[in-house]
Amino acid sequence: GLGVAIGRFTAPRDMQSFRQISFRRGVINNARFTPSGEVVYSARWGADMPHLYLTDALSPESRDLGVGDARLASVSASSELAIFQFMKLGTPALLARVPMHGGAPRVIGKSVVAADFSSVTSDLCIVSRTSDGTTVELPPGNVIYRSSGWSDVVRVAPDGRSVALLEHELAIDDAGGVVYIDRNRNVHKLTSNWASIAGLAWAPSGDEIWFSAARSGSTFGVWGVSLDGRVRPVSMHPGSFVLFDVARDGRVLASRLNRRLN
């Protein structure tokens, strides 16, 4: 199962601390900080479809937001949610926008596999599946990058215009690297392929991208890569952390994978 933890990676490694904020066994799909410092996450418990929950760092309680069968994509600066909504089993999810505290979802499109809000304009950056790969669009309809590979994570920089994504070359393999698209739409492949790579977020400064990955095997650490391609370790704690989000004050949202043999 997976649990969401909140912590800081800015302190020296022996002083880094984490606090678990979800306690049921299941799969956490995504988690993001809200503008007020709470945490929205989507999780699937047992055989249920994923649902959206709201919690904070001080309480062990999580409140179901009642949005329906949905997976979180992103949270805007005005607390609007981008979600992937599942209409029925076996059909593709639809990308929609919905107010966090109630309201009808507004469908944005289908064939979308990743999305993130710009904190500056509230536009969505999306990754869409095509017949020969994927496109990155900011805003939707304005293609800024085409790839023959696939991506399931995209993040808009604090400047609202630059974009980072994880790019995988093979359809059945999560090996891949970090791609940076600057504000002039120049594409920079910042890292070589890692054996396994998953989470992605911008450091608060906007001059470094953090990601969770493994050079070999399947145990993830959290790493940082500068915009000129210099990679450094951020957190190498025991266990396998998957990065979800980084707040402006340096707090980090991550999941820790706990495997259990029954």
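Everything numeric in this text was worked out from a predicted model, so none of it was measured. The first residue in the sequence is number 1, and the count goes up from there.
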Salt bridge or not for [X] and [Y], using N-O below 4.0 Å?
{"X": "Arg161", "Y": "Asp123", "answer": "no"}
{"X": "Glu208", "Y": "Arg230", "answer": "no"}
{"X": "Arg44", "Y": "Asp69", "answer": "no"}

Under 3.5 Å, is there a donor-acceptor pair linking the side chains of [X] and [Y]?
{"X": "Arg32", "Y": "Ser74", "value": "yes"}
{"X": "His168", "Y": "Asp173", "value": "no"}
{"X": "Glu137", "Y": "Thr135", "value": "yes"}
{"X": "Ser162", "Y": "Asp182", "value": "no"}
{"X": "Glu167", "Y": "Tyr145", "value": "yes"}
{"X": "Tyr41", "Y": "Ser62", "value": "yes"}

Next on the checklist: Please determine whether side-chain contact (heavy atoms from CB on, under 4.5 Å) holds for the pair Trp150 and Glu169, giving the CA-CA distance in whole Å, both sets of side-chain angles, and the decisive distance to 0.1 Å.
Outcome noted: CA-CA 7 Å; Trp150 64 275; Glu169 294 181 357; over 6 Å; no
For the pair [X] (side chain) and [Y] (backbone), establish whether a donor and an acceptor sit closer than 3.5 Å, ignoring hydrogens and angles.
{"X": "Thr55", "Y": "Glu61", "value": "yes"}
{"X": "Ser151", "Y": "Leu166", "value": "yes"}
{"X": "Trp210", "Y": "Leu200", "value": "no"}
{"X": "Ser76", "Y": "Phe117", "value": "no"}
{"X": "Thr191", "Y": "Val178", "value": "yes"}
{"X": "Asn30", "Y": "Ala73", "value": "yes"}

Item to check | Pair Ser196-Asp174, side chain to side chain donor-acceptor pair (under 3.5 Å): steps then yes or no | outcome: CA-CA 5 Å; Ser196 185; Asp174 67 350; 2.7 Å; yes
Nearest non-hydrogen partners of [X] and [Y], listed with the distance:
{"X": "Ser42", "Y": "Leu72", "value": "OG-N, 3.0 Å"}
{"X": "Ile197", "Y": "Phe211", "value": "CD1-CD1, 3.6 Å"}
{"X": "Pro140", "Y": "Ile126", "value": "CB-CD1, 3.9 Å"}
{"X": "Ala198", "Y": "Val153", "value": "O-CG2, 3.5 Å"}
{"X": "Leu190", "Y": "Val225", "value": "CB-CG2, 3.9 Å"}

Cluster question for you: counting only ILVMFWY and a side-chain heavy-atom cut-off of under 4.5 Å, with indirect links fine, are [X] and [Y] together?
{"X": "Val39", "Y": "Leu81", "result": "no"}
{"X": "Val179", "Y": "Ile144", "result": "yes"}
{"X": "Ile83", "Y": "Leu54", "result": "yes"}
{"X": "Val67", "Y": "Tyr53", "result": "no"}

Checklist entry - What residues, two or more places apart in sequence or in another chain, satisfy ring pair (Phe, Tyr, Trp, His ring centres under 6.0 Å) together with His51? => result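 Residues passing ring pair (Phe, Tyr, Trp, His ring centres under 6.0 Å) with His51: none at all.
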Next on the checklist: Could you check whether Arg215 makes a cation-pi contact with Trp223, meaning its NZ or CZ is under 6.0 Å from the centre of the six-membered ring and within 45° of the ring axis?
Outcome noted: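 Yes, Arg215 sits over the ring of Trp223.
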